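Here the structure is a predicted model, which is why all the values come from computation and not from measurement. Letters A, B, ... mirror the listed sequences (proteins, then strands); counts begin at 1. Computed from heavy atoms alone, side chains included, the values below leave out hydrogens, waters and symmetry copies.
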Amino acid sequence: MPGGTLEVPMIPARNLRRHLDTLVASAIERAIAAGDLPEVAIPAETVERPKDPSHGDYASTAALRLARAAMRPPLAVAEAIAKHLERDETIEAPRVAPPGFLNFRLASTYLQDQVDAVLREGATFADLDLGTGKRAQVEFVSANPTGPLHVGNGRGAAIGDTLASLLEAAGYEVEREYYVNDAGTQAEVFAETLYARYQQLFGREAEIPPEGYPGAYMIEIAEQIRAEAGDRYLRPPGEAPDPELGERGIAIMLERIRATLERFGVRYDRWYSERSLYRPDGPYEQAMALLRERGFLVEREGALWFASSELGESKDNVVVRSDGRPTYYASDIAYHFEKFTERGFDLVIDVWGADHHGHVSRLKTAVGALGIDPARLHILLYQLVTLKRGGEVVRLSKRGGDIITLDELLDEVGPDAARFFFLQRSPGAQMDFDLDLAVKQSNENPVYYVQYAHARLSSILQRAAEQGLTPEGGDVRRLDQPHELALVREMLKLPEVIESCVTTFEPHPLPQYALDLATAFHAFNDAFKQQGDPLLKVITGDEQLSRARLKLVAAARIVLARVLGLMGMSAPDRM
RNA sequence: GCGGCUGUAGCUCAGCGGACAGAGCACUGGUCUUCGGAACCAGGUGGCGGGGGUUCGAAUCCCUCCAGCCGCGCCA
């Protein structure tokens, strides 16, 4: 640190946009005070990133928005704002561009200083404080433990897990949860199917129920139980199965699901049993009591209904069937009641397959009826996945039980590529998963392009270290080449990318950003080849310059590793 | 029938009120005796499903039509 000079706290990259917004707003105020602009309301948040980098790093549309109220041409308004704009260390002089934009370019010295800032912040670079002090829960996958996870569940897993990581980066304290449907009809049918397969192993005639699970995995589970417990669950013909058999089967299925997810890089903080909602004086009883108290429960046709039509829903919905058993809807109400009250999450995110979208509004209505602000619940829907191979759609037939499992996908393309491809598309878009492209270990595959950049970064640092060269003592002011500054510019976008992902609850900008960052690095790294100038290499004869560039390399590596980490992908040092 | 999602470059998809519409793949032509070529540079490609409207400005908002998918059980 240079001594003697006044230390002004540097504007961190994560606050740049807001900082520029403030600069523009106060410039407008001063312009008004000076009589260069008439009295007008000051627009908020006018600064954005222009699509075209030649327009600068940021641009304000304030003049375009004010023109009408100010009764002046937008260009004149822009000039007036520019005239009064206070400059600081972050930007160069703003430029006015037709039809009335105010364009900002980050100052080279600011960019250079950010390299040191990244090195100082390390893995916490790009952390935000949006969620500081708040607790969030992300519940995802939550597939019925009645069969193996399929490819669609993989999409939900990638989205949910990455969203959780993004929330953590934004300062939230996050819990990842899997809701286990171990109660209800599906679990019963599963148990019946399992008992049928189990009996078959002992040579009995037994048929799986019409709506049962025909997949071969049910035979495997039955075999596993026979191997562990012999004929303990065999009952006289015609009798209902031992409830413990079903439980044991579900436990086995769940363990398989857990192993698949682990392989995919997903770890849960909690596996929440649906059945546990029904404990005495538990969430189910409490939630229903509260709804009854508030007059939202009505008995009709022998069943108990939630009077959701009074609350704007298209119809009422059954919560307790006429046979006395609660519906899944009742479970979900109780489950969410428990999330908000007993566990006190500030924010709850459910990641669901789009086939459940009809349930979204109903659940939010119920949450509201329980006195909880429905805005605290965000339900993220993702569309179905189609697999493609050789340009042909891989047909998925659920009937025959020959779905493509997530395990099979992981066998074929590996977790890193699978996650990258799942994350690339916005959740709302149906996606085609191109197996051919995902498997390719070549430049055609964006996954390797990104990871390769990380490996190259690592390799440079290592090679330098072998020559006794480290970033230590490098002077970032030596970083003045266009490719160097372009790389820094790209690095500084990460906090904004994270903020955007978190506020929209959608992680899909991450892969594109990873690609952009990798591109900026590759261009920087190969500039010397392109320009035929060996002095542009990181490791040159100029030791001080080398150290400065090693700082840039080390900082870029930190940022790229962070992005890969957020996506749940590995950041290899060699490939 | 009602409701939701989707329709953007040859393919897969971003962009969702602002500056000539972008990325990856595919395609074409170059670079470099390579700090790892799984690299770099350059190039063409569409005017955003059709129509109407709002706006200084629309792929982005509104209306309508068309197409695909999903939902509308005392299944989850």
> B:A26 P sits how many Å from A:N445 CG, rounded?
Replying inline: 10 Å
> Between B:A38, B:A19, B:A23, which nucleotide has the shortest distance from any of its atoms to the side chain of A:Y448?
Replying inline: B:A38
> Between the side chains of A:T540 and A:D542, is a donor N or O closer than 3.5 angstrom to an acceptor N or O?
Replying inline: no
>> Any base atoms under 4.0 Å from A:E301, or only sugar-phosphate, or nothing? Heavy atoms, all strands.
In response: base
>> On RNA chain B, compare the nucleotides closest to A:A97 and A:G184; which residue's is nearer the 5' end?
In response: A:A97
> Are there more than 12 heavy atoms of other residues, nucleotides or ligands under 6.0 Å from atom CD of A:E45?
Replying inline: no
> Do the side chain of A:S322 and the base of B:C74 come within less than 3.5 angstrom through a donor-acceptor pair of N or O atoms?
Replying inline: yes
> Looking only at atom C1', what distance separates B:U45 and B:G22, rounded to whole Å?
Replying inline: 13 Å
>> I need the CZ-C1' distance between A:F420 and B:A23, as an integer number of Å.
In response: 10 Å
> Taking for each residue the nucleotide of RNA chain B with the nearest heavy atom, is it A:L384 or A:G302 whose nucleotide lies nearer the 5' end?
Replying inline: A:L384
>> Counting the atoms with a prime plus P, OP1 and OP2 as sugar-phosphate, which does A:D332 contact under 4.0 Å by heavy atoms, base, sugar-phosphate, or nothing?
In response: nothing
> Can you check whether A:S459 has a side-chain N or O nearer than 4.0 Å to OP1 or OP2 of B:G36?
Replying inline: yes
>> Other residues, nucleotides and ligands only: do more than 12 of their heavy atoms fall within 6.0 Å of CZ on A:R49?
In response: yes
> From B:C20, B:G36, B:C74, pick the nucleotide closest to the side chain of A:D52?
Replying inline: B:C20
> Going by atom types alone, do A:R557 and A:S458 pair a side-chain donor with an acceptor below 3.5 Å?
Replying inline: yes
> Quick one: is B:C40 close enough that its OP1 or OP2 comes under 4.0 Å of any side-chain N or O from A:Y449?
Replying inline: yes
> So, is A:T185 close to the B:A76 phosphate, meaning a side-chain N or O under 4.0 Å from OP1 or OP2?
Replying inline: yes
> Among B:C70, B:A19, B:A23, which nucleotide sits nearest the side chain of A:H55?
Replying inline: B:A19
> Any chance CZ of A:R17 has more than 12 other-residue heavy atoms, nucleotides or ligands included, within less than 6.0 Å?
Replying inline: yes
>> Testing the 3.5 Å rule here: is there a donor-acceptor pair between the side chains of A:Q186 and A:T146?
In response: no
> Considering only heavy atoms, which members of residues 519-539 of chain A lie under 4.0 Å from some atom of RNA chain B?
Replying inline: A:H522, A:A523, A:N525, A:D526, A:F528, A:K529, A:Q530, A:K537, A:V538, A:I539
> In terms of side-chain heavy atoms, does A:R65 have a donor or acceptor partner in A:T46 at a distance below 3.5 Å?
Replying inline: no
Below 3.5 Å is the cut-off: list the nitrogen or oxygen pairs between protein and nucleotides 10-17 of chain B, distance only.
residue: B:U12; atom: OP1; partner: A:K388; partner atom: NZ; Å: 3.4
residue: B:U12; atom: O2'; partner: A:R425; partner atom: NH1; Å: 2.9
residue: B:U12; atom: O2'; partner: A:R425; partner atom: NH2; Å: 2.8
residue: B:C13; atom: OP1; partner: A:Q430; partner atom: O; Å: 3.0
residue: B:C13; atom: OP1; partner: A:D432; partner atom: N; Å: 2.8
residue: B:A14; atom: OP1; partner: A:S426; partner atom: N; Å: 2.7
residue: B:A14; atom: OP1; partner: A:S426; partner atom: OG; Å: 2.4
residue: B:A14; atom: O3'; partner: A:H508; partner atom: NE2; Å: 3.3
residue: B:G15; atom: OP1; partner: A:H508; partner atom: NE2; Å: 3.0

>> Given B:C72, B:C74, B:A76, identify the nucleotide with an atom nearest to the side chain of A:Q186.
In response: B:A76
> Are A:F433 and A:F422 close enough that their ring centres sit under 6.0 Å apart?
Replying inline: yes
> Taking atom P in both B:G18 and B:G24, what distance in whole Å separates the two?
Replying inline: 23 Å
> Can you tell me how far C1' of B:C2 sits from NZ of A:K315, to the nearest Å?
Replying inline: 12 Å
> Which part of the nucleic acid, if any, lies within reach of A:A303 when heavy atoms closer than 4.0 Å are counted: base, sugar-phosphate only, or nothing?
Replying inline: base
>> Evaluate A:S273 against A:Y179 for side-chain hydrogen bond (donor to acceptor under 3.5 Å, both in side chains), listing each step before the verdict.
In response: CA-CA 6 Å; A:S273 158; A:Y179 178 56; over 6 Å; no
>> For B:G46, does the O4'-C1'-N9-C4 or O4'-C1'-N1-C2 angle fall within 90° of 0, making it syn, or is it anti?
In response: anti
> When Watson-Crick pairs (N1 to N3 and N6-O4 or O6-N4) and G-U wobble pairs (N1-O2 and O6-N3) count only below 3.5 Å on both distances, what is the dot-bracket string of RNA chain B, with | for other-strand pairs?
Replying inline: (((((((..((((....[...)))).((((((....).))))).....(((((..]....))))))))))))....
> Rounded to whole angstrom units, what separation is found between the CG atom of A:L381 and the P atom of B:U6?
Replying inline: 11 Å
>> I'd like to know if the side chain of A:H378 pairs up with that of A:D350 as donor and acceptor (distance under 3.5 Å, no hydrogens or angles considered).
In response: no
>> Testing the 3.5 Å rule here: is there a donor-acceptor pair between the side chains of A:H522 and A:R456?
In response: yes
> Contact class for A:D573 vs. all strands (heavy atom < 4.0 Å): base, sugar-phosphate, or nothing?
Replying inline: base
> Can you tell me how far P of B:C2 sits from CD of A:E313, to the nearest Å?
Replying inline: 19 Å
>> Under 4.0 Å, heavy atoms only, any strand: does A:A453 hit a base, just the sugar-phosphate, or nothing?
In response: nothing
>> Evaluate A:E313 against A:S361 for side-chain hydrogen bond (donor to acceptor under 3.5 Å, both in side chains), listing each step before the verdict.
In response: CA-CA 8 Å; A:E313 289 298 301; A:S361 170; 2.6 Å; yes
>> Please classify the nucleic acid contact of A:A455 as base, sugar-phosphate, or nothing, using heavy-atom distances under 4.0 Å.
In response: base
>> Tell me whether the count of non-hydrogen atoms from other residues, nucleotides or ligands lying under 6.0 Å of CD in A:E466 goes above 12.
In response: yes
> When only distance counts, do a donor and an acceptor, one from the side chain of A:D516 and one from the base of B:A23, lie under 3.5 Å apart?
Replying inline: no
> How many Å lie between CG on A:D355 and P on B:G73, as a whole number?
Replying inline: 15 Å
> For residues A:Y382 and A:S426, is any side-chain donor paired with an opposing acceptor at under 3.5 Å?
Replying inline: no
> Between B:A76 atom P and A:Y179 atom OH, what is the distance in whole Å?
Replying inline: 10 Å
> Counting side-chain heavy atoms from C-beta on, which of B:A38, B:G4, B:A76 comes nearest to A:H357?
Replying inline: B:G4
> Nearest-Å distance, CZ (A:R300) to P (B:G73)?
Replying inline: 14 Å
> How would you label the contact of A:R65 with the nucleic acid (heavy atoms, under 4.0 Å): base, sugar-phosphate, or nothing?
Replying inline: base
> Does a nitrogen or oxygen in the side chain of A:R456 sit under 4.0 Å from OP1 or OP2 of B:C35?
Replying inline: no
> For A:Y452 and B:A39, are the ring centres under 5.5 Å apart with planes inclined under 30°?
Replying inline: no
>> Taking the ring of A:Y329 and the ring of A:H359, is the distance between their centroids below 6.0 Å?
In response: yes
